[in-house]
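One structure is given below, encoded as structure tokens.
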Amino acid sequence: MSEEDESDAIYDQIRGILGEHFHNFCFIVMDEEGELFYDYTNYRIGKMLMKESLEDLNSEMGDIELVWDIEGEDDEPDTDSDGYELVD
């Protein structure tokens, strides 16, 4: 059995499992070479699920706050509990 045949068998299993539990589904996989494979119950469902997923992912990206804390490169001076600047 070739590698492509093995992949097809796995995709068939995924379709079967998802089909047992969901009327509408879409799945996307990427192999080691970076090749994409995707499947869905029908074109309209696949398009809608992919669009909704992309919008959901993009909205989550807006919630991420990156904090770069490089030691010794503060923009604000160190202060004590009263707010006075500390001098080395």
Side-chain angles (χ1 to χ4, degrees):
M1 182 178 274
S2 72
E3 195 171 312
E4 186 174 324
D5 291 338
E6 286 180 30
S7 295
D8 288 341
I10 293 170
Y11 300 146
D12 289 340
Q13 286 180 327
I14 293 170
R15 280 187 213 96
I17 293 168
L18 289 173
E20 287 177 19
H21 301 282
F22 305 100
H23 294 286
N24 301 309
F25 66 84
C26 173
F27 69 93
I28 305 169
V29 296
M30 181 185 296
D31 65 13
E32 292 82 18
E33 289 83 33
E35 297 290 323
L36 285 177
F37 177 84
Y38 54 91
D39 196 15
Y40 37 78
T41 50
N42 66 55
Y43 176 77
R44 290 180 190 258
I45 294 297
K47 184 176 178 180
M48 188 242 353
L49 289 172
M50 288 184 194
K51 181 181 176 194
E52 290 292 321
S53 297
L54 183 60
E55 288 175 2
D56 188 50
L57 286 169
N58 286 335
S59 71
E60 288 180 13
M61 292 300 290
D63 296 339
I64 296 174
E65 180 181 335
L66 296 177
V67 178
W68 300 98
D69 186 24
I70 300 173
E71 195 172 317
E73 292 191 16
D74 291 332
D75 289 337
E76 297 179 22
D78 292 336
T79 58
D80 64 12
S81 60
D82 295 324
Y84 292 101
E85 184 174 337
L86 299 173
V87 180
D88 289 332

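Computed from a predicted structure; not experimentally measured. Note that these values count all heavy atoms, side chains included, but never hydrogens, waters or copies made by symmetry.
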Checklist entry - Considering residues at least two apart in sequence or located in another chain, which fulfil the side-chain contact (heavy atoms from CB on, under 4.5 Å) criterion with E55? => result K51, E52
Next on the checklist: Which label fits F37 and Y11: parallel for a plane angle under 30°, tilted from 30 to 60°, or perpendicular past 60°?
Outcome noted: parallel
Checklist entry - Measuring from N42:CG to N24:CG, what's the distance to the nearest 0.5 Å? => result 7.0 Å
Next on the checklist: So, taking the atom named CD1 in I17 and the one named CG in D12, what distance separates them when rounded to the nearest 0.5 Å?
Outcome noted: 11.0 Å
Checklist entry - Which atom names give the shortest non-hydrogen contact between F25 and L18, and what distance separates them? => result CD1-CD1, 3.6 Å
Checklist outcome for this item: To the nearest 0.5 Å, atom CD1 of I45 lies from atom SG of C26 at 10.0 Å
Next on the checklist: Please find the pair of heavy atoms, one from H23 and one from T41, that lie closest to each other, and give the distance.
Outcome noted: O-CG2, 3.3 Å
Checklist entry - If you group Ile, Leu, Val, Met, Phe, Trp and Tyr by side-chain heavy-atom gaps below 4.5 Å, do F22 and V29 land in one group? => result yes
Next on the checklist: Quick one, L36 with I28, criterion side-chain contact (heavy atoms from CB on, under 4.5 Å). Give me CA distance, side-chain angles, the key distance, then yes/no.
Outcome noted: CA-CA 7 Å; L36 285 177; I28 305 169; 4.0 Å; yes
Checklist entry - Hey, what's the ring geometry for Y38 with Y40, parallel, tilted or perpendicular (30° and 60° as the breaks)? => result parallel
Checklist entry - Hey, what do you get for CG (D56) to CG (L49), rounding to the nearest 0.5 Å? => result 12.0 Å
Item to check | Set of residues satisfying salt bridge (charged side-chain N to carboxylate O under 4.0 Å, His left out) with respect to D8, sequence neighbours excluded | outcome: none
Checklist entry - How long is the gap from CZ on F27 to CE on M50, to the nearest 0.5 Å? => result 9.5 Å
